[in-house]
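One structure below.
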Amino acid sequence: MDSDSRQMKQPEKAPWYYLLLLILAGESVFILPFVLQRVFRPTVLKVFELDNVSLGLCFSVYGFVALVSYLLGGPLADKFQPRKLIAIALWMTALGGLVFATFPSYFVLQVLYGYWGFTTIFLFWSPMIKATRVWGGKGSQGKAFGLLDGGRGLVGALFGTLGVLVFSFFMTANLEVATLEESRFAFRYVILTSSGIVSVVGVLVWFFMRLPESLEKEIIVEKITVSQIKEVLRLPSVLLLMIIILCAYVGYKITDIFSLYAQDVMLLDEVASAEVGTILLFARPVVGVLIGVVADRSRPSLFLFLGFIIALVGSLVFASGMVINVSYFFFLFSILIVALGVYAIRSLYFAVMQSGRIPLVLTGTAVGIISLIGYTPDIFAGPAMGYLLDASPGLKGHQHVFYMLAAFSFIGGIAAFRYFQLYGKPFNENSKTS
């Protein structure tokens with residue numbers, strides 16, 4: 001009887017390529033609004049004629065729209081198939097890239113970021129997290145989310161590498177004396193190439209990212225009730241994850257400035273600065289996969305706590321002013337300390353949902369509620385970093401940003417330690433009686 005039931009459950013698992021497509025989509029959708037800016041920050045500031053505060057305010061517009069989208073999009077993910085929502089989100093995001101490639105006015109750029117806040121969050125975010133949790137099943141949550149974040153990091157790194165190659169190919173002038181029009185000419189091809197790839201990924205998701213029919217029905221609810229929302233809100237894990245993700249996301253946003261640090265403090269040129277951002281992106285898949293696999297064999301919440309400790313140490317190294325007039329190797333080593341902590345946390349903060357007693361069928365609703373607070377750095381982190389960098393140009397401004405990272409790493413570490421105290425023991429949803 002047991003062997004029969006096991007055989008019957010076998011087809012209920014999502015296929016391996018389901019996660020592969022999820023990884024591909026999971027980073028592709030953020031290439032245009034975020035990854036290009038992370039890798040090409042000095043170039044983006046130049047071609048759009050922005051300062052750091054202005055770019056930060058664009059991210060804030062994105063964040064305000066995303067804030068509403070998290071809350072409303074969560075229940076949507078519990079009612080509709082993930083692949084349809086994800087594919088539509090990819091196509092709509094790629095359309096925005098066509099506007100981006102015209103180097104529009106600042107007002108239009110802000111509207112575009114608001115539009116991307118809708119396409120990448122309302123239609124995409126909760127379906128992606130729920131689909132990953134479904135793929136991971138009961139015993140491989142760390143592996144599922146580690147592979148998701150690590151894989152997304154690899155996709156981002158490949159996009160970054162491709163972007164640098166395209167930019168270098170079309171940049172005919174010497175980088176140090178390139179005019180605004182010459183930089184725009186080269187960067188336009190980076191944007192259009194990215195938009196085309198995002199569209200193709202949407203087609204692949206629509207046709208191939210399918211679940212077995214019985215499993216699709218199992219994870220969809222007809223209607224989200226007020227009592228179900230109250231059930232989610234009463235869970236201590238939900239409140240703690242709000243704080244953990246908020247602090248972790250500030251850390252992730254701050255990794256955006258490493259390419260700028262390379263230019264402002266280490267005095268590297270545009271391409272070399274972009275290469276630093278790309279190297280950092282390659283660290284993400286390595287950390288994500290390793291942490292995810294190791295955490296499943298132990299306790300993900302413990303590794304979540306350790307990630308904050310490492311991020312705190314790394315941020316204090318940069319805040320102290322030690323990373324100036326140093327070798328390129330030491331510079332990269334210092335970046336990788338911060339990356340290890342930040343990427344480990346990102347890989348695991350949704351992987352602990354199961355141990356936190358959050359029902360699978362209400363994952364979308366829970367993710368929407370958690371993200372409402374957890375991703376508020378989309379609103380304040382960009383302008384805060386921009387203000388700190390512009391108010392104190394050079395090393396001093398960067399030190400202030402890393403002190404900010406240290407403060408959030410400390411607070412996040414306290415919340416992660418409490419989560420470990422409450423939910424450190426493995427949890428099997430079969431033990432639930434509800």
- Message: Just so I know, are the side chains of Leu36 and Leu32 near enough to count as touching, which here means a heavy-atom distance under 4.5 Å?
- Response: yes

- Take Ser199 and Leu90, measure what side chain to side chain contact (heavy atoms under 4.5 Å, CB included) needs, and give me the verdict at the end. CA-CA 6 Å; Ser199 299; Leu90 287 163; over 6 Å; no

- How many angstroms lie between atom CH2 of Trp116 and atom OH of Tyr62, to the nearest 0.5 angstrom? 10.0 Å

- For Pro42 against Gln263, the heavy-atom pair lying closest together: CB-OE1, 3.3 Å

- Beyond-backbone contact of Ile88 with Phe124, side-chain heavy atoms, under 4.5 angstrom: no

- Query: Can you say whether the rings of Phe318 and Tyr261 are parallel (under 30°), tilted (30 to 60°) or perpendicular (over 60°)?
  - Reply: perpendicular

- Message: Any donor-acceptor pair under 3.5 Å linking the side-chain atoms of Ser259 with those of Arg41?
- Response: no

- Validation row: Phe159, Ile197 side chains within 4.5 angstrom (heavy atoms): yes

- Scanning both residues in full, the closest heavy-atom pair of Val198 with Ser28 reads CG2-O, 3.3 Å

- Task: Measure up the Tyr423 and Tyr419 rings against each other and bin them: parallel (under 30°), tilted (30 to 60°), perpendicular (over 60°).
- Result: tilted

- Message: Is any side-chain heavy atom of Asp264 closer than 4.5 Å to one of His398?
- Response: yes

- Determine whether the aromatic ring centres of Phe417 and Phe305 lie less than 6.0 Å apart. yes

- Message: Donor-acceptor check, side chain of Arg188 to backbone of Ala101, threshold 3.5 angstrom: yes or no?
- Response: yes

- Under 3.5 Å: donor-acceptor pair, side chain of Ser237, backbone of Gly356: yes

- Message: side chain to side chain contact (heavy atoms under 4.5 Å, CB included), that's the test. Do Ile345 and Phe308 meet it? Break it down for me.
- Response: CA-CA 7 Å; Ile345 299 162; Phe308 277 111; 3.6 Å; yes

- Which pair of heavy atoms, one from Tyr249 and one from Gly374, lies closest together, and at what distance? CB-O, 4.0 Å

- Message: Counting only heavy atoms not in Tyr387 (residues, nucleotides, ligands), do more than 12 fall under 6.0 Å from its OH?
- Response: no

- Task: List the steps and the verdict of side chain to side chain contact (heavy atoms under 4.5 Å, CB included) for Ile254 and Val401.
- Result: CA-CA 7 Å; Ile254 286 175; Val401 171; 3.8 Å; yes

- Side-chain donor/acceptor of Thr376 to backbone N/O of Ile373, under 3.5 Å: yes

- Message: Rounded at 0.5 Å granularity, tell me how far CZ in Arg83 sits from CE in Met209.
- Response: 8.5 Å

- Query: Taking atom OG1 of Thr255 and atom CD1 of Ile335, what is their separation to the nearest 0.5 Å?
  - Reply: 10.0 Å

- Query: Does a side-chain heavy-atom distance below 4.5 Å link Gln37 with Leu45?
  - Reply: no

- Message: Checking the side chain of Tyr106 only, and the main-chain atoms of Ser54 only, is there a donor and an acceptor separated by less than 3.5 Å?
- Response: yes

- Query: Would a distance-only check, ignoring hydrogens and angles, find a side-chain to backbone donor-acceptor pair under 3.5 Å from Asp390 to Val53?
  - Reply: yes

- Measure from the side-chain N and O atoms of Gln141 to the backbone N and O of Gln354, and report whether any donor-acceptor pair falls under 3.5 Å. no

- Query: Atom OH of Tyr349 and atom CG of Leu246: how far apart are they, to the nearest 0.5 Å?
  - Reply: 10.5 Å

- Worked verdict on Val276 versus Tyr328 for side chain to side chain contact (heavy atoms under 4.5 Å, CB included): CA-CA 10 Å; Val276 168; Tyr328 186 70; 3.7 Å; yes

- Looking at OH of Tyr113 and CZ of Phe59, how far apart are the two atoms once the value is rounded to the nearest 0.5 Å? 4.5 Å

- Does Ser168 use its side chain to pair, donor to acceptor, with the backbone of Leu165 at less than 3.5 Å? no

- Message: Once you measure the plane-to-plane angle for Phe402 and Phe258, does it fall in the parallel (<30°), tilted (30-60°) or perpendicular (>60°) bin?
- Response: tilted

- Sidechain-backbone polar pair: Gln399 side chain, Ala319 backbone, donor-acceptor under 3.5 Å: yes

- Query: Taking atom types as modelled, is there a side-chain donor on Tyr115 or Thr93 under 3.5 Å from an acceptor on the other?
  - Reply: no

- Message: Could you tell me if the side chain of Asp51 sits less than 4.5 Å from the side chain of Leu389, heavy atoms only?
- Response: no

- Query: So do Leu98 and Leu95 actually touch side chain to side chain, heavy atoms under 4.5 Å?
  - Reply: yes

- Task: Please name the pair of heavy atoms, one in Ile310 and one in Gly341, separated by the smallest distance, quoted to 0.1 Å.
- Result: CG2-N, 3.7 Å

- Query: Is the closest side-chain heavy-atom distance between Trp125 and Thr120 below 4.5 Å?
  - Reply: no

- Nearest 0.5 Å please: distance from the NE2 atom of His400 over to the CG atom of Leu395. 9.0 Å

- What closest approach, in Å, do Ser69 and Gly117 show between heavy atoms, and which atom pair accounts for it? OG-O, 3.8 Å

- Query: Is atom CZ of Phe333 surrounded by more than 12 heavy atoms (other residues, nucleotides or ligands) closer than 6.0 Å?
  - Reply: no

- Query: Mind checking whether Phe187 and Phe40 have parallel, tilted or perpendicular rings, split at 30° and 60°?
  - Reply: perpendicular

- Item | Ser126 side chain vs Phe122 backbone, donor-acceptor pair below 3.5 Å | no

- Is the side chain of Ser60 donor-acceptor paired with the backbone N or O of Ile379 at a distance under 3.5 Å, no angle test? yes

- Looking only at heavy atoms, the pair that brings Ser315 and Val338 closest together is N-CG2, 4.0 Å

